[in-house]
Structures are given as C-alpha cells and as structure tokens.
Amino acid sequence: ICSWCSFKLTDHQVKKSNQFSNPEYEILKMPRYEKSISNHQITFVSQVSMDRLVILEQSLRTWNGPVSISIYILTNNSTNGRIQDWQRLYINKKIGSLKIALEKSTIILVPSVNPDHYPINVLRNLAIKMVQTRFMFLVDADFQPSPNLEANFLSSMNKYHSNYLRQHDMNGCRIAFVVPAFEYLDIPNKEDPILKSKDELIQLIHRDDPMIEPFRLHESNEVHGLTNYWKWYYANRPYNITYRFHDKYEPYIIVEKNS
C-alpha cells in the first residue's frame with residue numbers, strides 16, 4: 001500500500017500538464033450485450049495501439065469486470081486523419097470477444113498520422129477520465145490480472161482499510177494499492193493453465209528451475225523494487241510502502257477515482 005498527499009500545481013506545471021490535454025478522440029459504440037446484475041467496483045484501465053490489440057485477448061482472459069482502454073490508431077493524410085469504418089469494425093469485433101462487463105466499459109479511439117509518436121500519458125489520462133467505477137486498476141495492456149483479483153482486493157480493503165482510506169482522504173492524502181507484478185522467464189503457451197493462487201505462483205518462483213520472477217527484476221530493479229517482493233511472499237495481509245520513494249518506481253496500482 002502506498003500513500004501520498006495532494007499538492008497545488010504551479011503555473012508552469014499546469015501549462016506543462018495541459019500541453020496535450022485535448023486530443024481528438026471518439027468513443028466506440030459498444031457491441032450489443034445483456035445487462036448483468038453484477039456490481040463491479042474496479043475498472044481495468046490501460047492503453048494500447050491498434051496493431052497490438054490482440055494482446056488484450058490474452059491479458060483479459062481472467063477479467064470479467066469493466067475496462068476503460070484508449071486505442072491509438074494510425075491513420076493517413078489521404079483520409080484527413082480520420083478513423084475508417086473497417087478499423088472500427090475490427091476493434092468492435094475484438095472487444096466483443098472479451099468477457100468483460102460492457103455496460104460500464106469505455107473504449108476510446110485516438111487517431112494519429114504520426115507513426116513515430118505514442119502519447120502514452122495522454123492515452124492513459126483519457127482512459128482514467130472515462131472510468132465509471134469507484135476504483136481503477138492502472139496497468140499495461142499486456143498485464144494479465146490474477147483470477148478473482150477484484151473480489152480479493154475488495155475483501156482485503158473491507159477487512160483492513162475502509163477506515164484508513166477515509167482518514168487519509170480527510171487529510172488531503174491518497175492511497176494507492178500496489179499489485180505485485182511478475183513475468184515468465186520464457187514465453188508461455190496460450191494453452192498453459194492460468195495460475196489461480198498465490199501458492200501456485202510462489203512454487204514456480206522458488207523451484208530449482210524457476211519459471212517466473214518479479215517483473216523487470218534484472219532489467220531495472222528500481223522500477224518495482226520498492227514493492228519488496230520477499231516480504232510479499234510471506235505476508236498474509238497488506239503492508240505499507242512509505243519510504244525511499246523515487247521517480248523510477250512504476251508499480252501497477254489500484255486507486256480510487258476522484259469525482
């Protein structure tokens with residue numbers, strides 16, 4: 001669990017943050033769906049380019065809640081930079097194949113004629129803006145949530161953090177719940193079974209020939225190092241991460257959305 005206090009932006013910071021705050025975009029008309037009675041409270045928030053849209057079929061195999069995803073679409077000058085009908089149909093087909101909660105989901109289409117620029121922060125901020133649930137799960141599109149992540153998170157929050165959350169909000173601080181991230185040492189097969197528990201995960205990490213390790217462990221330990229994986233292996237409840245923050249720490253988090 002991480003916490004931080006809000007602060008007032010200076011004029012320079014406001015101008016810098018608003019530099020790309022109004023991109024052109026359109027909201028995809030969602031595929032037809034049957035309304036459900038489920039009460040989801042977490043939205044999967046991410047961004048992806050259209051040519052990598054296929055990765056969502058794998059990463060969202062374990063997610064049945066709502067999503068808010070910005071899709072970056074390359075267009076060309078001959079169409080005046082406009083999104084084509086075939087692109088909308090292709091995206092609609094891919095989204096329709098997912099087992100997500102469509103009634104609270106939003107797909108944002110962002111066209112561009114520039115193949116060398118991928119405005120990741122603009123895309124992420126658009127997706128955040130469209131979230132319709134209390135919490136949002138900020139992740140990369142190729143990150144596969146563990147089964148029952150939403151139920152486990154809500155259970156843990158109700159058990160340990162409901163009062164803590166309210167107290168920090170009153171003090172002008174916010175809390176982010178860090179979700180530990182892992183990666184396979186070799187590319188897994190599509191048919192490989194999905195790990196269903198923390199125990200199964202730890203077995204694959206600590207066996208003689210490990211199959212899984214903490215995300216970017218050797219590439220850059222600073223990116224996820226503050227999560228303190230060794231503590232997480234043995235923890236049976238959430239713990240605080242409130243020390244030695246640095247700007248290279250980039251965890252995947254669940255956080256409340258501001259109204």
Side-chain angles (χ1 to χ4, degrees), residues 1-7 40-47 59-60 62-63 65-69 120-121 124-125 127-128 131 133-169 171-184 195-202 204-206 212-258:
I1 302 164
C2 300
S3 65
W4 70 94
C5 292
S6 58
F7 62 94
H40 291 286
Q41 296 187 51
I42 304 177
T43 297
F44 180 101
V45 178
S46 195
Q47 38 65 41
S59 59
L60 290 175
T62 56
W63 185 259
V67 304
S68 183
I69 299 173
I120 184 170
N121 290 327
R124 182 187 295 114
N125 289 340
I128 289 173
V131 170
T133 56
R134 178 185 177 187
F135 294 99
M136 47 191 180
F137 182 21
L138 307 182
V139 294
D140 290 336
D142 55 358
F143 181 92
Q144 184 179 72
S146 56
N148 302 315
L149 185 147
E150 180 179 25
N152 291 336
F153 168 77
L154 294 175
S155 175
S156 175
M157 192 199 69
N158 291 332
K159 186 175 182 180
Y160 298 112
H161 302 298
S162 55
N163 293 329
Y164 190 58
L165 206 59
R166 285 193 294 269
Q167 290 171 0
H168 274 63
D169 189 54
N171 294 330
C173 296
R174 299 190 66 196
I175 296 175
F177 298 87
V178 174
V179 179
F182 300 86
E183 62 182 334
Y184 282 92
L195 300 180
K196 297 181 180 180
S197 69
K198 180 177 178 179
D199 288 339
E200 290 183 13
L201 173 68
I202 291 177
L204 296 184
I205 293 172
H206 295 314
I212 295 175
E213 67 180 11
F215 185 52
R216 300 185 69 180
L217 176 64
H218 302 293
E219 181 180 346
S220 178
N221 185 52
E222 293 178 315
V223 175
H224 289 267
L226 288 182
T227 301
N228 194 346
Y229 283 91
W230 278 102
K231 184 171 183 177
W232 183 82
Y233 294 153
Y234 299 102
N236 55 16
R237 59 180 295 170
Y239 53 89
N240 290 329
I241 305 173
T242 56
Y243 57 92
R244 295 185 288 110
F245 279 109
H246 51 71
D247 57 4
K248 292 183 180 180
Y249 186 43
E250 299 178 357
Y252 297 134
I253 60 173
I254 296 174
V255 65
E256 275 192 301
K257 184 186 178 184
N258 285 338

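These numbers come from a predicted model, not from an experiment.
The backbone N or O of Leu195 sits nowhere less than 3.5 Å from a side-chain atom of Glu200 that would complete a donor-acceptor pair. A donor-acceptor pair under 3.5 Å is formed between the side chain of Lys198 and the backbone N or O of Trp232. Side-chain N or O atoms of Glu150 include one that pairs as donor or acceptor with a backbone N or O of Gln41 at under 3.5 Å.
A pairwise comparison of heavy atoms in Tyr239 and Asn228 identifies OH-O, 3.1 Å as the closest pair. In terms of heavy atoms, Lys196 sits closest to Pro147 at CA-CG, 4.2 Å. Listed here is the closest heavy atom pair of Ser46 and Val139: OG-O, 2.8 Å. Nearest heavy-atom pair, Pro251 versus Val178, reported as atom, atom and distance to 0.1 Å: CB-CG1, 3.8 Å. The two residues Met157 and Arg134 come nearest to each other via the heavy atoms CE-NH1, 3.8 Å. Pairing each heavy atom of Ser59 with each of Pro145, the nearest pair is O-CD, 3.2 Å.
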Hey, mind stepping through Ile205 and Tyr233 against side chain to side chain contact (heavy atoms under 4.5 Å, CB included) and telling me if it holds? CA-CA 10 Å; Ile205 293 172; Tyr233 294 153; 3.8 Å; yes
Let's go through Leu154 and Phe135 carefully: what are the C-alpha distance in whole Å and the side-chain angles of both, what is the deciding distance for side chain to side chain contact (heavy atoms under 4.5 Å, CB included) to 0.1 Å, and is it a yes or a no? CA-CA 10 Å; Leu154 294 175; Phe135 294 99; 4.2 Å; yes
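Side-chain contact annotation: Ser68 with Thr43, donor-acceptor N/O pair under 3.5 Å absent.
Expressed to the nearest 0.5 Å, how far CD1 of Ile42 lies from CZ of Phe137 amounts to 8.0 Å. Remark: Thr62 OG1 to Leu149 CG distance equals 8.0 Å, nearest 0.5 Å. Atom OG of Ser146 sits about 9.0 Å away from atom CG of Leu201, to the nearest 0.5 Å. Considering CD1 of Ile212 and CD1 of Ile202, their distance stands at 11.0 Å, rounded to 0.5 Å. Rounding to the nearest 0.5 angstrom, the gap separating the CD atom in Gln47 from the CD1 atom in Ile69 is 9.5 Å. Considering CD of Glu213 and CZ of Phe182, their distance stands at 10.5 Å, rounded to 0.5 Å.
Ring orientation note: the planes of Trp63 and Phe44 are tilted relative to one another, at an angle of 30° to 60°.
Checked against the 6.0 Å centroid threshold, Phe143 and Phe215 do not count as a close aromatic pair.
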